[in-house]
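Here the structure comes first, spelled out in structure tokens, and everything after it is commentary.
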Amino acid sequence: MSDYNPSIYPAQIAEALERTWVNDGQPRIRLGRSTDLVMLIDTIYQASLLHEEGEPVRCRVIIGGEELSEAIAEPYFEGLSILRFENAIEFTQHDLRKLASSAGFFRTLLLVRILPDCKAEIWGMIVTGTSWLNRTDGGRSEGVSLPDFLVLQILGPGHLIASAGNRRVLESAGGKLLSEGFDPFRSKWLPRQFASVRNDLLIEMHASVEGTPSVQLCDDFVKDVAQSVIRRTLSLVRSRGHGGMLIYVPHDLQLPLEQWLRFRVQFVSDDASMHFKSTMVKLMRRVLEIGHSSGLQKVTWHEYQKMQDHRLSQIDSTLLEHAHFLADLMSVDGCLVLNHNLRIVGFGAEILGDSHVTCIDRALDLEASRFITEAADSSGTRHRSAYRLVSGLEQAIAVVVSQDGGVRFVANQNDRLTYWPYLP
């Protein structure tokens with residue numbers, strides 16, 4: 001019983017949010033009274049457990065009154081406008097349920113202001129469009145941001161995200177705070193697995209450019225763009241609540257995959273299955289052209305995010321669609337398999353093999369220099385099958401998404417089978 005970890009509920013979520021509501025050591029906008037914060041989160045939490053016309057409630061609300069109106073009126077937030085209700089609506093879980101279907105999760109925010117006596121009301125909405133997803137999922141920033149007011153999102157039953165504008169602060173799912181985890185994309189070991197592929201891409205891109213370009217891409221550019229596609233894919237799979245698994249295998253793997261995987265669909269190795277690689281080459285060429293015309297010596301991820309160009313936006317849209325396509329393939333029972341070039345090998349793959357994994361290390365830092373050994377049987381079937389594959393096919397990397405939105409990266413690190421809870 002000493003390992004028992006009780007579920008967390010609105011009062012505890014509010015307490016944790018108060019502790020973390022800072023930005024670079026400075027408080028963001030004031031959250032107000034603790035009782036008001038508990039009321040807000042409790043209402044959101046209860047609404048998340050409801051259904052409207054058979055569909056679960058999903059929506060986003062932003063907390064603020066006239067001070068929020070004044071913030072949005074600033075030139076920096078040009079493009080956002082408030083649609084005020086003639087008559088405000090009481091902020092209850094049932095009224096929120098009724099309005100949620102009209103406020104599409106990906107495009108609209110409901111405006112909520114706090115009243116005296118621990119009450120609140122819904123007084124309007126803001127149409128944000130979908131570009132905020134680029135900001136939260138690591139894509140190229142387009143459109144306008146949101147001011148750092150409290151945003152509460154309902155993703156599913158009991159699955160809440162609290163943000164300061166578009167910046168995620170806290171997440172709760174399955175009765176737990178998702179506060180313990182890592183972002184393996186920021187590690188040293190994961191990018192190292194793809195170093196040769198990045199070099200090949202750069203060589204291919206330079207070979208297609210006439211002369212020697214006067215501007216260069218920063219060393220991490222290819223990595224950052226590739227990771228943004230996979231981040232977005234994982235975010236989409238998490239939001240759908242189905243779960244799924246993504247497997248990376250080396251592009252120069254010598255062993256036949258049929259020893260480990262039985263595919264529902266396996267693709268021919270041709271240009272179509274290399275769609276990501278060809279799109280990346282187009283992207284890099286266009287970025288260099290824009291960088292040259294702008295007088296840049298080196299294009300960083302930050303410079304890329306600021307570029308305004310029609311052709312570049314079209315390529316960005318292609319990468320976004322590719323992320324959606326990968327998420328669709330992950331929704332099929334089995335796993336999606338990519339190689340290190342992000343070539344789509346196949347999907348709906350069943351993991352074979354009779355190897356038995358008894359234990360696995362849970363990393364306590366990005367490089368797994370510290371870890372805790374856990375029993376493999378304490379995980380679900382999907383996780384255990386990933387453990388078996390990575391244990392037998394040591395070069396493979398598995399990313400497992402649970403139905404409750406939890407994500408684990410599984411790989412061999414320091415000659416030990418290891419997993420990292422993913423916290424973007």
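From a predicted model like this one, the values you see are computed outputs, not experimental measurements.
- Under a cut-off of 6.0 angstrom, the local environment of NZ in Lys277 is crowded, with over 12 non-hydrogen atoms contributed by other residues, nucleotides or ligands.
- With Glu374 contributing its side chain and Cys359 its backbone, the two residues share no donor-acceptor pair below 3.5 Å.
- For the pair Phe85 and Ile122, the tightest heavy-atom approach, listed with the atom from each and the gap, is CD1-O, 3.6 Å.
- Asn339 contributes a side-chain N or O that, together with a main-chain N or O of Asn341, makes up a donor-acceptor pair within less than 3.5 Å.
- Side-chain contact between Ile126 and Ser81 is absent, with no heavy-atom pair separated by less than 4.5 Å.
- At least one side-chain heavy atom of Arg264 sits less than 4.5 Å from a side-chain heavy atom of Val332.
- The minimum heavy-atom distance between Ala162 and Leu150, with the atom names listed, is CB-CD1, 4.2 Å.
- A salt bridge is defined here as a Lys NZ or Arg NE, NH1 or NH2 lying under 4.0 Å from an Asp or Glu carboxylate O, and Arg186 with Asp183 meets this definition.
- Atoms CD1 and CG, from Ile290 and Leu296 in turn, are 10.0 Å apart once rounded to the nearest 0.5 Å.
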Apply salt bridge (Lys or Arg N to Asp or Glu O under 4.0 Å) to Asp328 and Arg240, showing your working.
CA-CA 10 Å; Asp328 291 342; Arg240 293 174 184 179; 2.9 Å; yes
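- In summary, the aromatic rings of Phe185 and Phe409 are positioned with their centroids under 6.0 Å apart.
- Inspection of the His51 and Glu55 side chains reveals no N or O donor paired with an N or O acceptor under 3.5 Å.
- Ser172 contributes no side-chain N or O that, together with a main-chain N or O of Leu160, makes up a donor-acceptor pair within less than 3.5 Å.
- Separation of atoms OG (Ser379) and CZ (Arg362) is listed at 10.5 Å; rounding is to 0.5 Å.
- Listed for the Ser235 side chain is no donor-acceptor partner under 3.5 Å among the backbone atoms of Arg232.
- Not one N or O on the side chain of Asp220 forms a donor-acceptor pair closer than 3.5 Å with the backbone of Lys223.
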For a salt bridge (Lys or Arg N to Asp or Glu O under 4.0 Å) check, start with the C-alpha distance between Glu15 and Arg19, then their side-chain angles and the critical distance, and finish with the verdict.
CA-CA 7 Å; Glu15 181 182 350; Arg19 291 196 306 268; 3.6 Å; yes
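- Rounding to the nearest 0.5 Å places SG of Cys118 at 10.0 Å from CG of Leu37.
- Using cut-offs of 30° and 60° on the angle between ring planes, the pair Phe194 and Tyr248 is perpendicular.
- Not a single donor-acceptor pair under 3.5 Å links the side chain of Arg113 to the backbone N or O of Leu68.
- Residues Ser385 and Met245 have side chains in contact (heavy-atom distance under 4.5 Å, counting atoms from C-beta outward).
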Applying side chain to side chain contact (heavy atoms under 4.5 Å, CB included), run through Ile247 and Leu336 and close with a yes or a no.
CA-CA 6 Å; Ile247 302 293; Leu336 168 65; over 6 Å; no
Trace of the side chain to side chain contact (heavy atoms under 4.5 Å, CB included) decision for Ile372 with Leu364
CA-CA 7 Å; Ile372 295 175; Leu364 298 179; 3.7 Å; yes
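- Remark: the backbone N or O of Pro56 is not paired with any side-chain donor or acceptor of Arg97 at under 3.5 angstrom.
- Remark: the Glu53 side chain and the Ser101 side chain contain no N/O donor-acceptor pair separated by less than 3.5 Å.
- Minimum heavy-atom separation, Pro10 to Asp42: CG-OD1, 3.5 Å.
- Here the closest heavy-atom approach between residue Ala398 and residue Ala386 is recorded as CB-CB, 3.9 Å.
- A side-chain donor-acceptor contact under 3.5 Å links Glu67 to the backbone of Gly65.
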After noting the C-alpha distance and the side-chain angles of Arg408 and Tyr387, does the key distance pass the side-chain hydrogen bond (donor to acceptor under 3.5 Å, both in side chains) rule?
CA-CA 11 Å; Arg408 290 184 181 183; Tyr387 300 163; 2.6 Å; yes
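- Side-chain contact between Arg343 and Leu338: absent, with no pair of heavy atoms (C-beta onward) separated by less than 4.5 Å.
- Closest non-hydrogen pair, Ala323 versus Val229, comes out as CB-O, 3.7 Å.
- With hydrogens and angles ignored, the 3.5 Å screen pairs no side-chain donor or acceptor of Glu350 with any backbone N or O of Gly334.
- Counting heavy atoms from C-beta outward, Ser187 and Trp420 have side chains that stay 4.5 Å or more apart.
- Annotation: side chain of Thr300 is not in contact with side chain of Leu217 (no heavy-atom distance under 4.5 Å).
- Checked by atom type, the side-chain pair His94/Gln46 shows no donor-acceptor distance below 3.5 Å.
- Taking the side chain as every heavy atom from C-beta outward, His275 and Leu319 never approach each other to under 4.5 Å.
- Classification of Asp316 and Arg286 as a salt-bridged pair fails, no side-chain N sitting under 4.0 Å from a carboxylate O.
- Atom CG in Asp36 sits 9.0 Å away from atom OG in Ser34 (nearest 0.5 Å).
- Between Glu52 and Arg58 no salt bridge is recorded (no basic side-chain N to carboxylate O distance below 4.0 Å).
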Just do the side chain to side chain contact (heavy atoms under 4.5 Å, CB included) check on Ser69 and Trp123 with the steps written out, would you?
CA-CA 12 Å; Ser69 298; Trp123 61 280; 3.4 Å; yes
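- Residues Glu66 and Arg84 are paired through a salt bridge, judged by an N-O separation under 4.0 Å between the basic side chain and the carboxylate.
- Phe221 and Tyr304 have their aromatic ring centers within a separation under 6.0 angstrom.
- The CD1 atom of Ile315 sits 14.0 Å away from the CG atom of Leu320 when rounded to the nearest 0.5 Å.
- Formation of a donor-acceptor pair under 3.5 Å by the Asn412 side chain with backbone atoms of Val390 is found in this model.
- Side-chain atoms of Ser163 and Arg60 include no donor-acceptor pair closer than 3.5 Å.
- No side-chain heavy atom of Val151 sits under 4.5 Å from any side-chain heavy atom of Ile161.
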Using the rule given for side chain to side chain contact (heavy atoms under 4.5 Å, CB included), can you reason through Leu261 versus Ile351, listing the C-alpha separation, both sets of side-chain angles and the distance that settles it, and then say yes or no?
CA-CA 5 Å; Leu261 297 163; Ile351 294 175; 3.8 Å; yes
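- To the nearest 0.5 Å, the span separating CZ on Arg285 from CZ on Arg311 amounts to 8.5 Å.
- Residues Ala120 and Met39 come closest through the heavy atom pair CB-CE, 3.9 Å.
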